[in-house]
Each structure stands twice: as C-alpha cells, then as structure tokens.
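Have a look at the structure below, then the notes.
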Amino acid sequence: MTLHTGGTVRLRSDHTWKKAAGLLGFALAALGILILVSPAVAAPLFASGGVSQSNATYIRAIAVRDIAVGLWLLVGPTISVAATTNSLVMICLIPLGDLVLVWSAKGDLLSLLPHMLSLTCLIILVLWGSRVA
C-alpha cells in the first residue's frame, strides 16, 4: 500500500499486473509456437483462404512476432513495469494494424475477433500499468 498526501490510501497492484502481463505473454508465445509449427492454424485469422508457400512464410513471420512480444511480456515486467507499460503503447499498433489489414481484406467477424481481443487486452494492460508503474 502506498500512502499519499491528504490521508488517502492507494493499493498498489503491480504484482497482479505482472501476473496478468505474464499470462498474456505466455498465451502469445504459445500461440506463436503453435502457428510456427502449423501455419494453417492462423490462415483464417488473417482472412487467408489457405496456406501457400508464400503466405506460410508471412504467417510464420507473424508467429515469430507473437513469440517476441510474448517473451517481452514475460520478461519485461521483471525489469520495469513502467518500461513494459510504455512499450505496450507501441505494441498496441500490432493488433490495430492487423485489424485494419484483415478488415481491408474483407475478413469476417471471426477473423477480426482475435485481433480485437488482443488489442483490448493490451489497452487494459497499458491503462492498468500506467496506474501502478
């Protein structure tokens, strides 16, 4: 607990924030590994009808990106909640860009939902992290 002037008490929940960030990080890294091994799993998420050699490479690159972001969410909070929160502001551009790309490719709602969920989770972590950092 942190005491502020004026006698108000604010509960610092950075430990819970770190756990939430770690959980999202684990999920992203695991999803990235799954997609790296089997790109066909992610093809519908990017409004891609099937997996050809060229888009399998692109989908695997996305998987590596998810693994990298996932690992950052696992490791970053142990270094600095503030630094991790600040970097998440920019990381929010990834699912936002994915949403725009999938929407412009006439992706259906099921293709858009994972990106909306990811963006929502990241925004929640940013807002929450800015309060506890």
Side-chain angles (χ1 to χ4, degrees):
M1 297 182 106
T2 303
L3 222 39
H4 291 280
T5 58
T8 60
V9 177
R10 184 177 132 214
L11 182 63
R12 290 191 48 103
S13 55
D14 61 340
H15 180 72
T16 307
W17 185 90
K18 289 177 182 180
K19 284 190 174 204
L23 183 63
L24 181 59
F26 177 79
L28 279 172
L31 179 64
I33 291 168
L34 174 66
I35 293 169
L36 196 61
V37 172
S38 179
V41 170
L45 300 177
F46 291 94
S48 175
V51 178
S52 67
Q53 185 61 33
S54 62
N55 71 357
T57 301
Y58 170 73
I59 290 170
R60 284 189 171 108
I62 292 168
V64 171
R65 177 192 73 187
D66 288 346
I67 293 168
V69 171
L71 291 175
W72 173 240
L73 286 172
L74 286 166
V75 175
T78 65
I79 298 167
S80 168
V81 171
T84 306
T85 300
N86 288 336
S87 66
L88 286 178
V89 172
M90 293 292 104
I91 290 172
C92 283
L93 293 174
I94 295 170
L96 181 62
D98 290 345
L99 273 169
V100 170
L101 290 171
V102 172
W103 179 75
S104 68
K106 307 291 188 243
D108 61 6
L109 183 61
L110 288 176
S111 296
L112 294 168
L113 277 175
H115 307 292
M116 289 190 281
L117 178 63
S118 176
L119 181 59
T120 301
C121 289
L122 289 170
I123 289 171
I124 289 168
L125 278 177
V126 166
L127 295 174
W128 184 7
S130 67
R131 306 254 323 158
V132 299

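The basis for the numbers below is simple: all heavy atoms, side chains too, and nothing from hydrogens, waters or symmetry mates.
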Taking [X] for the side chain and [Y] for the main chain, is one N or O donor matched with an acceptor at less than 3.5 Å?
| X | Y | result |
| --- | --- | --- |
| T84 | G76 | yes |
| N55 | Y58 | no |
| S118 | P114 | no |

Which pair of heavy atoms, one from [X] and one from [Y], lies closest together, and at what distance?
| X | Y | value |
| --- | --- | --- |
| A63 | I35 | CB-CG2, 3.7 Å |
| R65 | I94 | CZ-CG2, 3.1 Å |
| L125 | W17 | O-NE1, 2.9 Å |

Quick one: [atom1] on [X] to [atom2] on [Y], what's the gap to the nearest 0.5 Å?
| X | Y | atom1 | atom2 | answer |
| --- | --- | --- | --- | --- |
| T16 | W128 | OG1 | CH2 | 5.5 Å |
| L24 | L122 | CG | CG | 5.5 Å |
| L101 | H115 | CG | NE2 | 9.0 Å |
| L73 | L88 | CG | CG | 5.5 Å |

Residue list, side-chain contact (heavy atoms from CB on, under 4.5 Å) with [X], at least two apart or on another chain:
| X | result |
| --- | --- |
| A40 | S38, V51 |
| L112 | L99, V102, W103, M116 |
| T78 | V75 |

Original post:
Out of I91, L96, D98, which residue meets the side-chain contact (heavy atoms from CB on, under 4.5 Å) rule with L119?
Top reply: L96

Original post:
Please walk me through it: do V64 and L36 pass side chain to side chain contact (heavy atoms under 4.5 Å, CB included)?
Top reply: CA-CA 7 Å; V64 171; L36 196 61; 4.0 Å; yes

Original post:
Any side-chain heavy atom of P44 within less than 4.5 Å of one from L110?
Top reply: no

Original post:
Any side-chain heavy-atom pair from I79 and W72 closer than 4.5 angstrom?
Top reply: yes

If you group Ile, Leu, Val, Met, Phe, Trp and Tyr by side-chain heavy-atom gaps below 4.5 Å, do [X] and [Y] land in one group?
| X | Y | value |
| --- | --- | --- |
| F26 | I67 | yes |
| I124 | L127 | no |
| V132 | L23 | no |
| V100 | I123 | no |

